Amino acid sequence: MPEEDCLFCRIVGRFVPAQIIAENDRFLAFNDINPQAPTHVLIVPKRHVATIAELTSETAPLMGEAVVLANGIARQTGIAEQGYRLVLNCGSGAGQSVFHVHLHLLGGRPMRWPPG
Ligand code: AMP
Ligand code: ZN
């Protein structure tokens, strides 16, 4: 069920605008409002799950599907060849600020390791 006070549920429901990159029955992908790289897209399952830690064997396959979508967006945006980074932040200590699971797709610049 969508959560009224969840920003990404509100974007999925089109109550909050976003620059949408791709959509299907189960996902919405849109540009991050505060991009950390030339390409920074969020791949968001329409189903509300607060954190990666809450995924179950029933809902975890969604994230595999999110990776496949991210790969396609990486190819379409031209960042695939040089390499890109997929990020899942789990919990506030790891930098999660929106508690609706999402996969970050970052690319278009060299990536350093370890991440901050
Ligand atoms: P995280 O910190 O992993 O929870 O990622 C949440 C991301 O959502 C951050 O990178 C934010 O910049 C991004 N964000 C916050 N509000 C919006 C918004 N209205 N539209 C698009 N991206 C957003
Ligand atoms: Zn939500």
Side-chain angles (χ1 to χ4, degrees):
M1 285 290 287
E3 306 244 327
E4 264 175 35
D5 58 353
C6 170
L7 174 62
F8 287 175
C9 283
R10 291 171 61 77
I11 289 177
V12 165
R14 304 298 209 275
F15 298 106
V16 172
Q19 287 185 330
I20 293 168
I21 302 295
E23 181 171 23
N24 67 23
D25 285 354
R26 291 173 301 288
F27 290 91
L28 193 66
F30 51 88
N31 283 328
D32 196 293
I33 206 167
N34 182 23
Q36 301 302 310
T39 294
H40 187 171
V41 177
L42 302 174
I43 295 93
V44 178
K46 292 183 174 178
R47 176 171 177 167
H48 180 90
V49 178
T51 77
I52 288 297
E54 288 178 23
L55 288 170
T56 64
S57 53
E58 184 209 345
T59 52
L62 271 178
M63 299 318 290
E65 201 177 343
V67 169
V68 174
L69 276 172
N71 291 342
I73 294 167
R75 286 193 298 271
Q76 284 159 21
T77 56
I79 61 169
E81 205 163 306
Q82 68 188 113
Y84 50 96
R85 183 168 289 172
L86 302 178
V87 175
L88 295 169
N89 292 324
C90 182
S92 54
Q96 186 175 3
S97 58
V98 177
F99 285 80
H100 177 135
V101 292
H102 50 279
L103 181 65
H104 294 257
L105 166 64
L106 296 144
R109 66 166 169 84
M111 296 287 161
R112 295 169 196 272
W113 194 263

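This structure is a prediction, so every number in the text was calculated from the model and none was measured. Residue numbers count from 1 along this sequence. Ligands are counted one by one from 1 in listed order, and the atoms in each one are counted from 1 as well.
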When you pair each N or O of ligand 1 with protein N or O atoms, which pairs come out under 3.5 Å?
residue, atom, partner, partner atom, Å
ligand 1, 2 (O), Gly95, O, 2.7
ligand 1, 2 (O), Ser97, N, 3.2
ligand 1, 2 (O), Ser97, OG, 2.9
ligand 1, 3 (O), Asn89, ND2, 2.9
ligand 1, 3 (O), His102, NE2, 2.9
ligand 1, 3 (O), His104, NE2, 2.8
ligand 1, 4 (O), Ser97, N, 2.6
ligand 1, 4 (O), Ser97, OG, 3.4
ligand 1, 4 (O), Val98, N, 3.0
ligand 1, 4 (O), His102, NE2, 3.1
ligand 1, 5 (O), His102, NE2, 2.9
ligand 1, 5 (O), His104, NE2, 3.2
ligand 1, 10 (O), Asp32, OD1, 3.3
ligand 1, 10 (O), Asp32, OD2, 2.5
ligand 1, 12 (O), Asp32, OD1, 2.5
ligand 1, 22 (N), Ile33, N, 3.1

Side chain to side chain, Phe8 and Leu42, heavy atoms closer than 4.5 Å:
yes
Please list, chain by chain and in numerical order, all residues satisfying salt bridge (charged side-chain N to carboxylate O under 4.0 Å, His left out) with Arg109, sequence neighbours excluded.
none
Might you point out which heavy atoms bring Ile11 and Ala18 nearest each other, and give the distance in Å?
CG2-CB, 3.7 Å
Within the 2.8 Å cut-off the protein N, O or S neighbours of the Zn ion (ligand 2) are Cys6 SG, Cys9 SG, His48 ND1, His100 ND1
Has Arg85 got a side-chain atom pairing as donor or acceptor with His104's backbone, closer than 3.5 angstrom?
no
How far apart are the closest heavy atoms of Phe27 and Lys46, and which atoms are they?
O-CE, 3.6 Å
Show me the donor-acceptor pairs within less than 3.5 Å that the side chains of residues 90-102 make with the rest of the protein, sequence neighbours left out.
residue, atom, partner, partner atom, Å
Gln96, OE1, Gly91, N, 2.8
Gln96, NE2, Ala50, O, 3.0
Gln96, NE2, Val98, O, 3.0
His100, ND1, His48, ND1, 3.3
His100, NE2, Pro45, O, 2.7
His102, ND1, His100, O, 2.7

Ionic contact status for Arg14 with Glu23, cut-off 4.0 Å
yes
Where Pro38 and Gly108 come nearest, the two heavy atoms and their spacing
CG-O, 3.4 Å
Between Leu103 and Ala70, what is the shortest heavy-atom contact and its length?
CD2-CB, 4.0 Å
